[in-house]
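Report on the following structure.
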2 protein chains.
Amino acid sequence: MESILSISKALGEKNRLRVFLALMHTKELCVCEVGEFLGLAPATVSRHMSILCQAKLVDSQKRGKWVYYSIKPTVAPELLQWMQNSIVDSSLVAEDGKRIESLVREYQDKDCRKVCSSEER
Amino acid sequence: MESILSISKALGEKNRLRVFLALMHTKELCVCEVGEFLGLAPATVSRHMSILCQAKLVDSQKRGKWVYYSIKPTVAPELLQWMQNSIVDSSLVAEDGKRIESLVREYQDKDCRKVCSSEER
DNA sequence: GTAATATTTCGTCAGATGCAGAAATGACAA
DNA sequence: TTGTCATTTCTGCATCTGACGAAATATTAC
């Protein structure tokens with residue numbers, strides 16, 4: 001039951017939910033990208049991401065100076081399916097999707113994106 | 001997305017989650033039973049239940065003086081499945097299950113249980 | 001109608017949570 | 001080692017949330 005509780009708490013905050021949904025189709029983001037995406041200070045982003053990590057919803061991986069976040073492979077598929085079904089006609093999610101894509105393109109040239117070019121995505 | 005958010009907020013509080021899980025195998029409870037179950041004042045229970053209702057997780061039905069709560073039939077099956085899978089070895093959920101059962105037996109003789117004896121369960 | 005009972009709404013308080021900025025930590029480069 | 005940059009932890013502040021009791025509302029019994 002504790003897992004339901006911590007996951008629900010983690011996803012029950014708008015900014016954290018937006019990041020999680022963004023990760024569902026962008027695979028990987030670092031703190032600076034999330035900060036840009038949400039318009040929040042790095043410290044705040046770090047705090048939010050650690051809550052998502054503690055809920056076992058995302059993995060963090062440190063590569064060089066940067067920390068990269070991605071959805072933890074062990075997240076229950078029913079949970080992901082439910083979320084997927086629940087966002088089909090959300091305009092904000094659609095906007096966020098486009099914003100994340102252009103943001104990732106924009107960060108293509110920055111240092112944090114060069115570190116991981118050999119990896120998947 | 002708003003639905004994910006409101007559902008997560010609703011289930012991200014321990015007492016509300018416990019009531020919801022209890023409803024998953026007791027079908028129907030009235031405010032007084034939930035109050036006894038959680039050890040909370042009626043006013044507080046009412047508030048919690050209205051949050052679950054607003055999140056479209058439970059239905060409320062007034063019969064006589066009493067209000068009965070049950071899981072809304074439209075709740076996404078993937079969500080229920082995820083929760084079901086997540087509680088298989090939770091000792092607190094098991095205890096709660098027994099407590100609810102004996103509590104319902106105890107309330108069998110009370111007025112609020114006599115009203116609905118013709119209905120399912 | 002009035003009284004009794006169940007529930008909801010309102011007012012208030014204590015504790016939790018989100019936020020930013022400052023300081024601390026960790027990693028790389030010179 | 002020292003400097004720089006990315007991130008995290010700490011601190012303080014504003015807002016949100018859960019709790020109760022009291023008052024309001026709704027329904028049944030008389």
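All values below come from the heavy atoms of this structure, side chains included, with hydrogens, waters and symmetry mates left out. Numbered from 1 within each chain, the chains take letters A, B, ... in sequence-line order.
Note: CG (B:L40) to P (C:dT8) measures 14 Å, nearest angstrom. The CG-C1' distance, from A:L5 to C:dA16, rounds to 14 Å in whole Å. Atom-to-atom, OH of B:Y69 to P of C:dT7 comes out at 8 Å; the value is rounded to the nearest Å. Rounded to a whole Å, the CD atom of B:Q61 is 16 Å from the C1' atom of C:dA6. If you take CG of A:L29 and P of D:dT7, they are 11 Å apart, rounded to a whole angstrom. A straight line from CG of A:L17 to P of C:dG18 spans 13 Å, rounded to a whole angstrom. Summarising the geometry, the separation between CH2 on B:W66 and C1' on D:dT25 is reported as 16 Å, rounded to the nearest angstrom. The distance between atom NE2 of B:H48 and atom P of C:dT7, rounded to the nearest whole Å, is 16 Å.
Residues A:A41 and A:K9 each lie close to DNA chain C; by heavy-atom proximity, the contact nearer the 5' end of the strand is made by A:K9. Both A:K62 and A:G39 lie near DNA chain C, and the one whose nearest nucleotide falls closer to the 5' end is A:G39.
In the set C:dA22, D:dA19, C:dT7, the nucleotide with an atom closest to the side chain of B:N15 is D:dA19. Which of C:dC19, D:dT9, D:dT28 sits closest to the side chain of A:E13 comes down to C:dC19. With C:dT8, D:dG18, D:dT28 as the choices, the nucleotide that has an atom nearest any side-chain atom of B:K65 turns out to be D:dT28.
The side chain of A:R63 contributes no N or O atom lying less than 4.0 Å from OP1 or OP2 of C:dA27. Side-chain N/O atoms of B:R47 include none lying less than 4.0 angstrom from OP1 or OP2 on C:dC10. Distances shorter than 4.0 Å separate none of the side-chain N or O atoms of B:T44 from OP1 or OP2 on D:dA19.
Of the candidates B:V58, B:L23, B:L17, B:L52 forms a side-chain contact (heavy atoms from CB on, under 4.5 Å) with just one, namely B:V58.
A:L103 is not listed as a side-chain neighbour of A:L29, based on a closest heavy-atom distance of 4.5 Å or more. Using a 4.5 Å heavy-atom threshold, the side chains of A:L92 and A:K14 count as touching. Side-chain contact check for B:K9 versus B:I51: every heavy-atom pair is 4.5 Å or farther apart.
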Going through the checks in order, is the salt bridge (Lys or Arg N to Asp or Glu O under 4.0 Å) test met by B:E13 and B:R18? CA-CA 9 Å; B:E13 202 281 328; B:R18 286 175 71 194; over 6 Å; no
